[in-house]
Amino acid sequence: MTPAAWTGWPTREALSGTSHALPRRAITWSVRAALGTAMLWGTFSGGRFGPWEVVLGLVGVAGCAFVAWAYFRTSLEHRLWPSLGLLALLLLAAFGAQRAGADLPALILWCGCAVAALERLPLTAGLPAMAVALGGYALMSTDGWLATAMSTAGLSLAGYVLRLDAEARGNAQRLLAQERAAREAEAGRAALDERARIAREIHDVLAHSLSAQLVHLEAARLLIEREPAGEFRDQVLDRVVAARAMAREGLAETRQALSALRGEVSPVEDFLRQLVAVEPARVSVEGERRTLTAGTSQTVRRVAQEAMTNVRKHAPGAEVRIQLEYLPGEVALEIRDSGGKRPESELSVSGSGYGLLGMRERAELMGGTLEAGPGEEGFVVCLRVPA
């Protein structure tokens with residue numbers, strides 16, 4: 001036997017009893033209740049004790065039950081000296097019960113302390129404690145020396161068998177927890193692999209098509225610029241340039257989506273600053289910065305993009321103030337514009353009109369809220385999502 005086996009505690013899984021199946025726990029508590037009832041009835045129903053002595057005895061039984069519960073808690077927490085102190089109190093209670101003539105409760109306490117000491121304490125402390133308990137049992141026993149010796153040997157064996165059984169169940173529970181953790185890790189890896197596969201599919205289908213679109217639009221722009229001035233030349237050129245800009249934005253958003261799927265998301269603050277790099281806008285960040293989940297980060301980004309698109313469409317040239325605030329348990333985004341300074345552009349009539357609805361649905365899916373409406377000067381969008 002290794003030195004650690006003598007000085008080490010039984011594992012917490014072994015001592016907690018959580019590895020017991022529900023039927024086993026029910027049977028255990030039923031047997032304990034039956035034995036306790038039989039002990040109390042056999043001790044106090046014979047007329048040997050008066051009413052006050054019976055009351056005092058019941059108080060003592062309740063106190064012993066509390067001390068035993070406390071011993072189970074301290075031994076579960078691997079606290080040696082409190083456990084030994086509580087065990088000593090139980091041994092003193094057994095000695096007092098024997099002196100008072102309550103032989104059956106004393107016998108149960110002697111034997112129970114012996115078994116519990118060997119089952120729940122390190123062997124260097126459990127064996128001496130068991131020896132003291134079994135010594136008390138041997139002194140009070142009225143059986144012959146052979147029967148007493150066999151009883152003490154049987155109690156010792158029972159305590160050690162219970163210790164080994166608890167260790168085996170604790171090891172099984174620990175292995176089960178490790179297996180569950182391994183399965184969760186495997187499921188996580190599978191999810192990451194699936195996200196990587198989706199990212200590759202998006203890249204192959206969308207990113208390549210956008211790149212090809214950019215090439216054709218650039219070629220169209222160059223051809224139009226070489227042609228002499230015409231009635232619709234400038235209008236067509238404006239449309240081609242706008243389409244090229246939209247294709248560039250779409251390609252950039254596709255790359256961001258790929259990065260999110262791969263778990264390579266840049267900080268939200270950096271994204272907001274890049275979003276307004278060519279806009280008359282200010283970005284401020286408040287609160288203690290922390291890493292956001294992929295879903296929360298994407299929600300903040302999409303809402304910011306949609307809000308800036310609405311500003312370009314309905315309030316071109318307006319000054320924009322973006323405030324990102326890290327709050328306890330959530331993150332807040334506020335986008336406020338100063339109102340349009342020029343007549344509405346043709347972009348104001350483009351789109352399906354579902355931008356605000358889509359932002360609100362995205363926020364609600366994340367368990368957050370989105371409020372949008374006129375402010376003191378222009379339009380205000382306020383987003384709050386858990387983080």
Side-chain angles (χ1 to χ4, degrees), residues 199 202 206-207 210-211 214 241-287 289-327 330-342 345 347-348 350-352 354-363 365-366 368 370-373 375 377-385 387:
I202 292 177
L206 186 57
L210 286 173
S211 299
L214 275 174
V241 172
R244 184 184 63 170
M246 293 175 63
R248 287 185 185 276
E249 292 178 1
L251 185 59
E253 291 182 8
T254 300
R255 288 169 178 166
Q256 291 171 6
L258 296 177
S259 299
L261 286 171
R262 294 181 179 130
E264 303 170 353
V265 183
S266 60
V268 175
E269 308 88 64
D270 297 343
F271 171 80
L272 294 178
R273 294 189 178 95
Q274 294 173 3
L275 182 64
V276 300
V278 295
E279 303 284 347
R282 299 196 307 270
V283 177
S284 62
V285 181
E286 298 181 2
R289 302 184 184 185
R290 57 184 182 272
T291 303
L292 303 179
T293 62
T296 300
S297 176
Q298 286 298 101
T299 299
V300 173
R301 293 163 191 260
R302 295 308 182 198
V303 169
Q305 285 178 321
E306 183 64 31
M308 291 302 300
T309 300
N310 288 339
V311 171
R312 297 189 192 103
K313 289 170 59 177
H314 303 291
E319 293 184 0
V320 181
R321 297 190 299 275
I322 300 178
Q323 178 178 329
L324 178 69
E325 185 176 4
Y326 291 94
L327 301 171
E330 64 179 2
V331 62
L333 176 70
E334 180 181 280
I335 302 176
R336 183 185 300 268
D337 66 71
S338 60
K341 294 185 178 180
R342 298 195 306 245
S345 67
L347 288 173
S348 62
S350 64
S352 59
Y354 293 110
L356 289 177
L357 178 60
M359 287 192 293
R360 186 171 288 110
E361 290 177 349
R362 180 183 286 272
L365 285 175
M366 292 298 301
L370 186 136
E371 298 179 358
E377 296 179 343
F379 202 77
V380 182
V381 176
C382 297
L383 169 72
R384 285 178 177 265
V385 286

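Numbering starts at 1 and runs along the sequence shown. All of these numbers come straight from a predicted model, not from anything done at the bench.
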**Report entry** Contacts of type salt bridge (Lys or Arg N to Asp or Glu O under 4.0 Å), residue R282, not counting sequence neighbours
**Finding:** none
Report summary line: By salt bridge (Lys or Arg N to Asp or Glu O under 4.0 Å), R384 pairs with (sequence neighbours left out) E330
Query - E269 CD to R289 CZ distance, which is reported to the nearest 0.5 Å - result: 4.5 Å
Query - Student check: side-chain heavy atoms of L370 and V381 closer than 4.5 Å - result: yes
Query raised in the report: Can you name the nearest heavy-atom pair linking L327 to A332, along with the distance?
Result: CD1-CB, 4.1 Å
Query raised in the report: When rounded to the nearest 0.5 angstrom, what distance separates NE2 in H314 from OG1 in T309?
Result: 9.5 Å
Query raised in the report: How long is the gap from CD on E334 to CD on E325, to the nearest 0.5 Å?
Result: 9.0 Å
Report summary line: Shortest non-hydrogen pair, A304 vs L272, comes out as CB-CD2, 3.6 Å
**Report entry** Under the salt bridge (Lys or Arg N to Asp or Glu O under 4.0 Å) test, residues paired with E371 that sit two or more places apart
**Finding:** none
Query raised in the report: So, for M359 and V303, which heavy atoms are closest and what is the spacing to 0.1 Å?
Result: SD-O, 3.6 Å
Query - Distance-minimising heavy-atom pair for M366 and T299 - result: CG-OG1, 3.2 Å
Report summary line: One should read off an interatomic distance between Q305 CD and L275 CG, to the nearest 0.5 angstrom, of 6.0 Å
Report summary line: The reported gap from CD1 in I335 to CD in Q323 (rounded to nearest 0.5 angstrom) is 11.0 Å
Query - Check: S338 side chain, E319 main-chain N or O, donor-acceptor pair, under 3.5 Å - result: yes
Query - For A372 against R360, the heavy-atom pair lying closest together - result: N-NH2, 4.2 Å
**Report entry** Closest contact, heavy atoms only, L324 versus V300
**Finding:** CD1-CG1, 4.3 Å
Report task. Could you please spell out the steps behind the side chain to side chain contact (heavy atoms under 4.5 Å, CB included) verdict for R273 and V285? Result -> CA-CA 11 Å; R273 294 189 178 95; V285 181; 4.0 Å; yes
Query - Side-chain heavy-atom pair V276, V320 within 4.5 angstrom cut-off - result: no
